[in-house]
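Shown next, in structure tokens, is the structure this report addresses.
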Amino acid sequence: MTFNRKHLLGIRELSVDEITHLLDTAETFRDVSRREIKKVPALRGRTVINLFFEASTRTRTSFEIAAKRLSADAVNISVPTSSVAKGETLLDTARNLEAMAPDCIVVRHSMAGAPHHLARMCNAPIVNAGDGSHEHPTQALLDALTIREYKGRIDGLKIAIIGDILHSRVARSNVHLLTKLGAAVRVAGPGTLVPEEFAELVEQGLRVEPRLEDAIEGADVVMILRIQRERQDASFVPSMREYAVHYGLHPWHLERASPEVIVMHPGPINRGIEISSEIADGSRSLILDQVTNGIAVRMAVLYLLARGNHPTQEEASVKPAGNGKRVRKGT
Ligand code: CP
């Protein structure tokens, strides 16, 4: 199969075949990072721009490394020292970057839908590297790649996602991906932090559990999320201490899970709040394997979008007209 999309904006709109193709492509790239010379010429001559309006360690670095391992030129825009600080809008910033002919723009923004807006208005392929509380598709893909690596499959697994589900783009993308691929997903968190929209996924096997212990019962995979204090405009839990007591993961919780359970966390972790150090650093933890797999997934995404998936003249926003005039998309 081929991946015919121009952008990667979310998991929700992807088919099972598209997700599987992305994961299979990532698997073929995983080996590159294990070689002495960690580079292939797949995107030689292409340019990838990282445009991050929110803090990031893992995603931004791994997109940069992924581009470089594919031999693309990677450019990181430092938003605080860019002309955004002078009041330039997101769209104007993207259009000015696009005028420099990048082959892909990777965007992280606090506003849900920001990458979708750019995809409508710009020519370059857009990758959503996290938009507000909405989606984080490459995180869900790297999580799926990690589960496949350690469990051999996703179909039929019992997967518990625990924590601040409401504000988590990671949870949203993962719930869509894992239910599509046939996992039995349970989510658990304080009632104030589980979105009502998940009720529509109950038919696809999603279970909402108020208690961490019930979500973990028999689980093959436990995915822990941090409390996103930066996105909370009201007090959703009485205190961090109380949250840690009810939703912090400790070794004794895992006695309820499958004996072969694996523990995942997208990072950054808050030790002693949602996860104890014994678990984060323990033998069940795949937290750093997730980070490693992030490179392969982002190589696959960049490869599939930037390798020559150039718009046809009809799709292009700047298209030659009979009179030599140029017509711009979105204007
Ligand atoms: N998991 C994740 O998105 O981490 P960063 O915020 O460090 O990119």
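For ligands, and for the atoms within them, numbers begin at 1 and follow the listed sequence. These numbers were taken from a predicted model, which means no experiment stands behind them. Scope of the values below: all heavy atoms of this structure, side chains included, with no hydrogens, waters or symmetry mates.
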### Query
What about His134 and His116, are their ring centers closer than 6.0 Å?
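Yes, they do, as the ring centres are separated by less than 6.0 Å.
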### Query
Looking only at side chains, do Arg69 and Ser33 share a donor and an acceptor under 3.5 Å apart?
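The criterion, which ignores hydrogens and geometry beyond distance, is satisfied for Ser33 and Arg69.
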#### Entry: Sub-3.5 Å N/O-N/O distance, Gln139 and ligand 1
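There is such a contact, yes.
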### Task
Mind telling me whether Trp252 and His250 have parallel, tilted or perpendicular rings, with 30° and 60° as the class edges?
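Rings of His250 and Trp252: parallel, as their planes differ by under 30°.
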### Query
Does Glu54 reach ligand 1, in the sense of a heavy atom lying below 4.0 Å from it?
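No.
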### Query
Does some non-hydrogen atom of Gly267 fall short of 4.0 Å from ligand 1?
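Gly267: in contact with ligand 1 (<4.0 Å).
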Residue, atom name and distance, where the atom is the protein heavy atom closest to [atom]:
{"atom": "atom 2 (C) of ligand 1", "answer": "Thr59 OG1, 3.5 Å"}
{"atom": "atom 7 (O) of ligand 1", "answer": "Thr57 N, 2.8 Å"}
{"atom": "atom 4 (O) of ligand 1", "answer": "Arg58 NE, 3.0 Å"}
{"atom": "atom 1 (N) of ligand 1", "answer": "Pro266 O, 2.9 Å"}

### Query
So, are Asp73 and Arg44 salt-bridged, with charged N and O less than 4.0 Å apart?
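Here Asp73 does not pair with Arg44 in a salt bridge, since their nearest N and O are not under 4.0 Å apart.
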### Task
Could you walk me through whether Ser173 and Glu135 pass the side-chain hydrogen bond (donor to acceptor under 3.5 Å, both in side chains) test, one step at a time?
CA-CA 5 Å; Ser173 288; Glu135 279 232 37; 2.5 Å; yes
### Geometric cation-pi criterion, Arg307 with Tyr303: 6.0 Å, 45°
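Because its charged atom sits under 6.0 Å from the ring centre and within 45° of the axis, Arg307 does stack over Tyr303.
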### Query
ligand 1 versus Arg108, non-hydrogen atoms closer than 4.0 Å: side chain, backbone, both, neither?
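Arg108 to ligand 1: side-chain contact only, backbone stays beyond 4.0 Å.
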